[in-house]
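Numbered from 1 within each chain, the chains take letters A, B, ... in sequence-line order.
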Protein chains: 2
Amino acid sequence: MIPLEKRIDLLKVIAHPIRIKILEELTQGVKCVSDFEDSLDISQPNVSQHLTLLRTNGIVDFFVDGRLKCYFLKEPFIPDLLEILKKEYEEDIPAPACCPVTKKGTYPGERRR
Amino acid sequence: MIPLEKRIDLLKVIAHPIRIKILEELTQGVKCVSDFEDSLDISQPNVSQHLTLLRTNGIVDFFVDGRLKCYFLKEPFIPDLLEILKKEYEEDIPAPACCPVTKKGTYPGERRR
DNA sequence: TAAATACATAATAATATTCGCATGTGATTA
DNA sequence: TAATCACATGCGAATATTATTATGTATTTA
């Protein structure tokens with residue numbers, strides 16, 4: 001059993017526009033740091049910082065190829081997450097009809113709002 | 001089309017242990033604030049703050065019942081997210097065999113790490 | 001109507017995140 | 001071997017997040 005806490009930490013790391021973009025690009029295949037520099041339009045140190053954060057959290061890894069570092073997706077949770085991030089939902093969850101038992105258990109049986 | 005940016009904002013709001021716990025409890029049914037006080041073991045103002053954050057982001061809503069506020073899940077994205085958060089994965093994504101074309105397109109065809 | 005209950009808000013302090021800039025390192029090339 | 005390329009790291013400033021304490025508001029009860 002993977003502890004839920006660990007997954008929540010991953011979620012926190014992932015929940016950033018730039019890092020989501022990085023992960024989406026990595027689902028398309030391996031990329032090196034300077035590839036991201038081009039596609040993300042942020043500074044090289046910033047790319048490096050995001051990649052380092054993803055790597056230290058076990059989300060991506062890389063292999064070295066000459067002076068390039070080739071990053072790839074490692075964490076199997078990512079593709080599933082990216083998929084539901086883009087999923088369309090038609091409607092909100094319907095509001096409960098009325099008044100389940102809560103703390104007091106003394107609900108009058110009439111919804112007032 | 002729901003903008004991805006919006007979903008990422010949601011992700012950021014959700015990525016907190018207490019708020020995940022709140023959402024998990026809400027998948028079980030409606031709860032009022034003091035129910036959370038009992039189950040979460042944090043102060044009442046803190047419960048209120050987390051719930052307010054979830055509400056202002058359209059993730060939950062409530063109806064008023066006397067002096068109780070009955071919170072319920074609203075955002076349909078949540079159950080899917082909670083489900084994959086708890087999903088078990090056996091292995092990492094296999095590392096790519098070698099050397100796709102990146103910026104330089106001059107890969108020597110040999111993986112060095 | 002005074003007190004109690006259920007919850008929200010404001011203000012603050014501690015901590016974390018994020019990005020910029022400067023600099024450093026290792027590999028390749030001229 | 002000096003210069004260049006690809007990338008990482010250190011540091012600092014701005015901003016965001018989080019939880020605590022104190023206080024406020026609306027509803028119900030005594």
task: May I ask you to evaluate whether B/Arg19 reaches the phosphate of D/dT18, defined as a side-chain N or O under 4.0 Å from OP1 or OP2?
output: yes
- request: Answer yes or no on whether A/Arg7 is positioned over the face of A/Phe77, meaning its NZ or CZ is under 6.0 Å from the six-membered ring centre and within 45° of the axis.
  value: yes
field: Closest non-hydrogen atom pair between B/Glu91 and A/Pro76, with its separation
entry: O-CG, 3.2 Å
- request: Nearest whole angstrom, please: distance from the P of D/dA19 to the CD1 of B/Ile18.
  value: 6 Å
message: Measuring to OP1 and OP2 of C/dA6, would you say a side-chain N or O of B/Tyr71 lies under 4.0 angstrom away?
response: no
field: Test: A/Glu25 and A/Lys21 ion pair at under 4.0 Å
entry: yes
- prompt: In whole Å, what is the span from the CZ atom of A/Phe62 to the C1' atom of D/dA6?
  reply: 12 Å
message: If I take atom CZ in residue B/Phe63 and atom P in nucleotide D/dA26, what distance separates them, rounded to the nearest angstrom?
response: 21 Å
- prompt: Nucleotide by nucleotide, 5' to 3', does protein get under 4.0 Å of the base (B), only the sugar-phosphate (S), or neither (-) in nucleotides 20-25 of chain D, counting heavy atoms?
  reply: BBB---
message: Please tell me if B/His50 has a side-chain N or O lying less than 4.0 Å from either OP1 or OP2 of D/dT18.
response: no
- prompt: Using a cut-off of less than 4.0 Å, is there contact between a side-chain N or O of B/His16 and OP1 or OP2 of D/dA19?
  reply: yes
C/dT5 OP1/OP2 closer than 4.0 Å to side-chain N/O of B/Ser34: no
- prompt: Which heavy atom of A/Val30 sits nearest a heavy atom of A/Phe72, and at what distance?
  reply: CG2-CB, 4.0 Å
query: What's the closest nucleotide to the B/Arg67 side chain, out of C/dA4, C/dC7, D/dA6?
result: C/dA4
message: Please report the distance, rounded to the nearest Å, between CD1 in B/Ile20 and C1' in D/dT18.
response: 16 Å
query: Nearest to the side chain of B/Ser48, which nucleotide is it out of D/dA8, C/dT18, C/dC7?
result: C/dC7
Atom pair distance, as rounded to whole Å: CG in B/Leu51 and P in D/dT18: 14 Å
message: I need the CD1-P distance between A/Ile22 and C/dC19, as an integer number of Å.
response: 10 Å
- prompt: So, for A/Asn57 and A/Leu10, which heavy atoms are closest and what is the spacing to 0.1 Å?
  reply: O-CD2, 3.5 Å
- request: Indicate the ring-plane relationship of A/His50 and A/His16, choosing parallel, tilted or perpendicular according to the 30° and 60° boundaries.
  value: tilted
message: If you only use heavy atoms from C-beta on, which nucleotide in D/dC7, C/dT18, C/dA6 is closest to the side chain of A/Val33?
response: D/dC7
field: Short side-chain N/O contact to C/dA8 OP1/OP2 from B/Lys69, under 4.0 Å
entry: yes
- request: Decide if atom CD of A/Glu24 counts as having more than 12 heavy atoms of other residues, nucleotides or ligands within a radius under 6.0 Å.
  value: yes
query: With respect to the phosphate group of D/dT17, does any side-chain polar atom (N or O) of B/Lys12 fall under 4.0 Å of OP1 or OP2?
result: yes
field: Between C1' of C/dT18 and CG of A/Leu40, the distance in whole Å
entry: 15 Å
query: What are the two closest non-hydrogen atoms of A/Lys74 and A/Gly58, and how far apart are they?
result: CD-O, 3.8 Å
- request: Round to a whole Å and report the spacing from CZ of A/Phe36 to C1' of D/dC7.
  value: 13 Å
